[in-house]
Amino acid sequence: MTPEGREKYPEEEEALAYYDDDDLDAFADGDASCGGGEGEVLAFSDSFSSEVKPRILLMGLRRSGKSSIQKVVFHKMSPNETLFLESTNKICREDVSNSSFVSFQIWDFPGQIDFFDPTFDYEMIFRGTGALIFVIDSQDDYVEALSRLHLTVTRAYKVNPDINFEVFIHKVDGLSDDHKIEKQRDIHKRANDDLADAGLERIHLSFYLTSIYDHSIFEAFSKVVQKLIPQLPTLENLLNIFISNSGIEKAFLFDVVSKIYIATDSSPVDMQTYEVCCDMIDVVIDISCIYGLTGDAAGSPYDKESMAIIHLNNTTVMYLKEVTKFLALVCFLREESFERKGLIDYNFHCFKKAIEEVFDVRLKVQKSRKLLSQRRWSKLTTPNGTQAQPH
Ligand SMILES: Nc1nc2c(ncn2[C@@H]2O[C@H](COP(=O)(O)OP(=O)(O)OP(=O)(O)O)[C@@H](O)[C@H]2O)c(=O)[nH]1
C-alpha cells in the first residue's frame, strides 16, 4: 500500500482499461494529474463521462483553501506545509481508490473558472459529478464567493440535478464559537435567498464549518463521501444491529488510510469522539510501524491481525478491529460491557461477514455498471475506431 493507500485494485485496472493512453497516464497509480496547456486541460475528452467512479469537484475562489483540503485529507500533508502551496492554475484530477467504498475522483479547480470560455466543457464535467464542494474562505469577505457559488450551483444544477451541493465554510480556526455560528447562519441565509430569488429553492445546499487545523475537515469529507455510497443504509443497519447486540455505545466504520468514516450507527456523532477514534487509528498504525513490521518489504502496518483495545480513565473502553484490508471498526463501550468480550468478538465475526457480503455485492454492481458503460461507449465508437460525438 502506498502511504496514501492509493494502490491500484484489479477492478480499478479493469475500469481504466478502456481509456486511451493519455487518460491512463492521468490515473496511473493514483497519481494526481494536472493536465498540459490551458486549452488542452479545459477541453477534456468525453471518455471521462463513461467512468464509473463518482467525481467530487473542489471549487471556490482563489486561495480559499481547496488544494490544502485535498493535500491534508488525502496526502497526509501537515496543515502548516500548505502555507507553501502554489496557486493551482489547471484542473488537477486525482483518483482516490482506498477501497471499494472509498473510490472516487477528485478534481481540484483553479480559483477562477470562466464558464463562458468555450474550451471549458462544463457540461461534460458536471454530467459525471457526484458532489460539488464549494469552498468559502470565512476569514475573507465572502460577497464575491457567494455570487460565484450561486453561478456555479445554478449552472451545475441545470446540467445535472442529481449533484450533491456541499458548501465548506472554511478556515474557521481563526473564529470564536459564536462567530462561527453567526457566519454559518449568514452564509446559509444569503446563499438560500439568492436561490429563492432565482426561483430555485429546490436546490439543496449542505453547509459545514471546516478547518485543516482540526478534524472538522475529515468529518465534513466523511459526510460528503457517505452520500456517494449507495449501500450506506445497509452499513448503518449492520452497525446498529452490531452495537445493540454487543452493549456498545458508539461504532464507526473507518477508511483507515484517509480517516474518513464511511458509516456510523444512528446515534449522534460528536466531534470529540470522532477525534479520539482518529487518534486511535494513528496510534495503532504508528506502533505497528515501529514494532509490527517483519522487515519484509511487502509487510503492511495494517492487516488481518490488526486490533487494539484502549482503556480510558473514565471507565470507557475503545476497541478497534480490522474489517477489510482498508476498513476498521472503532467502538466505544463501558468497562462492564467489555467484560462480555467473547460475545462482542462473536458479534464482530458476524458483522465482518456481512460487510464482506455487502462489499461483494458492491463489486458486482460496479462491474455490471462498467460493462454497461463500456457497451454504451463502444456504440459511440465508429467502426474505424474513431470516437463519435456523444449526444
Ligand atoms: N487558517 C487557515 N488557513 C488555511 C486553511 N486551509 C488552507 N489555508 C491556507 O490558505 C492558503 C491558500 O490555500 P490553497 O489550498 O492554496 O488555496 P486554493 O483554493 O487551492 O487556491 P488556488 O489554487 O489559488 O485556487 C494557504 O496559505 C493555506 O495554508 C484553514 O483551514 N485555515
Side-chain angles (χ1 to χ4, degrees), residues 4 31-38 41-42 55-94 96 105-115 117 120 122 125 129 131-153 155-156 165-184 187 206-224 258-260 271 274-275 278:
E4 293 84 20
D31 282 349
S33 126
C34 299
E38 196 83 1
V41 173
L42 299 179
R55 189 180 295 159
I56 298 179
L57 310 184
L58 272 169
M59 295 180 134
L61 296 186
R62 277 203 187 284
R63 315 299 291 158
S64 53
K66 302 175 290 298
S67 309
S68 308
I69 292 173
Q70 191 193 3
K71 298 282 179 205
V72 168
V73 177
F74 297 105
H75 293 262
K76 308 274 162 257
M77 183 180 270
S78 88
N80 286 331
E81 279 177 74
T82 64
L83 290 167
F84 309 105
L85 282 177
E86 290 192 1
S87 208
T88 316
N89 50 22
K90 291 159 192 143
I91 299 172
C92 292
R93 298 164 309 199
E94 182 177 358
V96 177
Q105 295 170 25
I106 296 194
W107 290 28
D108 179 10
F109 281 71
Q112 228 52 297
I113 285 283
D114 180 2
F115 285 104
D117 180 342
F120 174 57
Y122 69 86
I125 292 172
T129 295
L132 190 161
I133 299 176
F134 195 92
V135 184
I136 297 180
D137 180 346
S138 66
Q139 296 186 7
D140 202 7
D141 175 28
Y142 45 76
V143 174
E144 194 192 341
L146 281 171
S147 74
R148 200 71 206 169
L149 167 70
H150 182 74
L151 178 67
T152 310
V153 163
R155 290 271 162 153
F165 295 106
E166 320 278 8
V167 182
F168 284 9
I169 303 169
H170 192 52
K171 306 193 191 178
V172 292
D173 44 275
L175 307 178
S176 67
D177 282 350
D178 285 350
H179 211 159
K180 278 185 204 173
I181 305 293
E182 198 185 304
K183 280 247 156 110
Q184 178 165 10
I187 291 177
S206 304
F207 295 86
Y208 309 81
L209 291 165
T210 57
S211 164
I212 53 168
Y213 288 95
D214 58 33
H215 288 80
S216 55
I217 193 63
F218 292 91
E219 219 214 335
F221 236 103
S222 300
K223 295 196 174 138
V224 170
S258 62
K259 284 186 278 175
I260 281 175
M271 190 68 168
Y274 173 67
E275 284 181 21
C278 291

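Each residue takes its place number in the sequence, starting with 1. Order of appearance sets the numbers: ligands from 1, and atoms from 1 within every ligand. What you see is a predicted model, and the numbers here were worked out from it, not measured in a lab.
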Exercise. Provide the number and element of each atom of ligand 1 under 4.0 Å from a heavy atom of G111.
Key: 25 (O)

Quiz item: Are any side-chain N or O atoms of Q139 and backbone N or O atoms of K171, one a donor and one an acceptor, separated by less than 3.5 Å?
Solution: yes

Quiz item: Got an N/O contact under 3.5 Å between G65 and ligand 1?
Solution: yes

Practice problem: May I ask you to identify the nearest protein heavy atom to atom 6 (N) of ligand 1, giving residue, atom name and distance to one decimal place in Å? | Solution: H170 NE2, 2.9 Å

Quiz item: What is the closest protein heavy atom to atom 29 (O) of ligand 1, and at what distance does it sit?
Solution: T82 OG1, 2.7 Å

Self-check item: D108/K66 ion pair, N-O < 4.0 Å
Solution: no

Quiz item: So, is D108 polar-close to ligand 1, with some N/O to N/O distance under 3.5 Å?
Solution: no

Practice problem: Please round to the nearest 0.5 Å and tell me the distance separating atom NE2 of H170 and atom OG of S68. | Solution: 6.0 Å

Practice problem: Go through ligand 1 atom by atom and flag the ones less than 4.0 Å from a non-hydrogen atom of S87. | Solution: 22 (P), 23 (O), 24 (O)

Quiz prompt | Under 4.0 Å to a heavy atom of D173 - the qualifying atoms of ligand 1, by number | solution = 1 (N), 2 (C), 30 (C), 31 (O), 32 (N)

Quiz item: Atoms of ligand 1 less than 4.0 Å from S64 heavy atoms?
Solution: 17 (O), 19 (O)

Practice problem: Using ring-ring contact (aromatic ring centres under 6.0 Å, His included) as the criterion, list what pairs up with F109, not counting sequence neighbours. | Solution: none

Quiz prompt | Where ligand 1 meets Q139 - atom numbers and elements under 4.0 angstrom, heavy-atom basis | solution = 1 (N)

Quiz item: Going by distance alone, is a donor N or O of one side chain under 3.5 Å from an acceptor N or O of the other, for S87 and R62?
Solution: yes

Quiz prompt | Closest protein heavy atom to atom 23 (O) of ligand 1, given as residue, atom name and distance to 0.1 Å | solution = T88 N, 2.6 Å

Quiz item: For ligand 1, which atoms have a heavy atom of L83 less than 4.0 angstrom away?
Solution: 27 (O), 29 (O)

Self-check item: Per-atom contacts of ligand 1 with R62, taking only distances under 4.0 Å to non-hydrogen atoms
Solution: 24 (O), 25 (O)

Self-check item: S216 (side chain) donor-acceptor with S211 (main chain) under 3.5 angstrom
Solution: yes

Quiz item: Is there a donor-acceptor pair under 3.5 Å between the side chain of S258 and the backbone N or O of I260?
Solution: yes

Practice problem: Could you name the option among M59, K171, K71 that has the heavy atom nearest to atom 8 (N) of ligand 1? | Solution: K171

Self-check item: Identity and separation of the nearest protein heavy atom to atom 18 (P) of ligand 1
Solution: K66 N, 3.5 Å

Quiz item: What atoms of ligand 1 come within less than 4.0 Å of a heavy atom belonging to S211?
Solution: 31 (O)

Self-check item: Polar contact flag, side-chain donor to acceptor under 3.5 angstrom, E94-Q105
Solution: no

Self-check item: Shortest protein heavy-atom distance from atom 21 (O) of ligand 1, along with the residue and atom involved
Solution: R63 N, 3.0 Å

Exercise. From the options I125, L58, T129, I56, select the one residue that forms a side chain to side chain contact (heavy atoms under 4.5 Å, CB included) with W107.
Key: I125

Quiz prompt | Residues, nucleotides or ligands: over 12 heavy atoms within 6.0 Å of E144 CD | solution = no

Quiz prompt | Region of I212 that comes within reach of ligand 1 [heavy atoms, distance under 4.0 Å] | solution = both

Quiz item: Which protein non-hydrogen atom lies closest to atom 7 (C) of ligand 1, naming both residue and atom, and how far is it?
Solution: S68 OG, 3.3 Å

Practice problem: For F221, enumerate each residue passing the ring-ring contact (aromatic ring centres under 6.0 Å, His included) test, keeping only those at least two apart in sequence or located in another chain. | Solution: F74

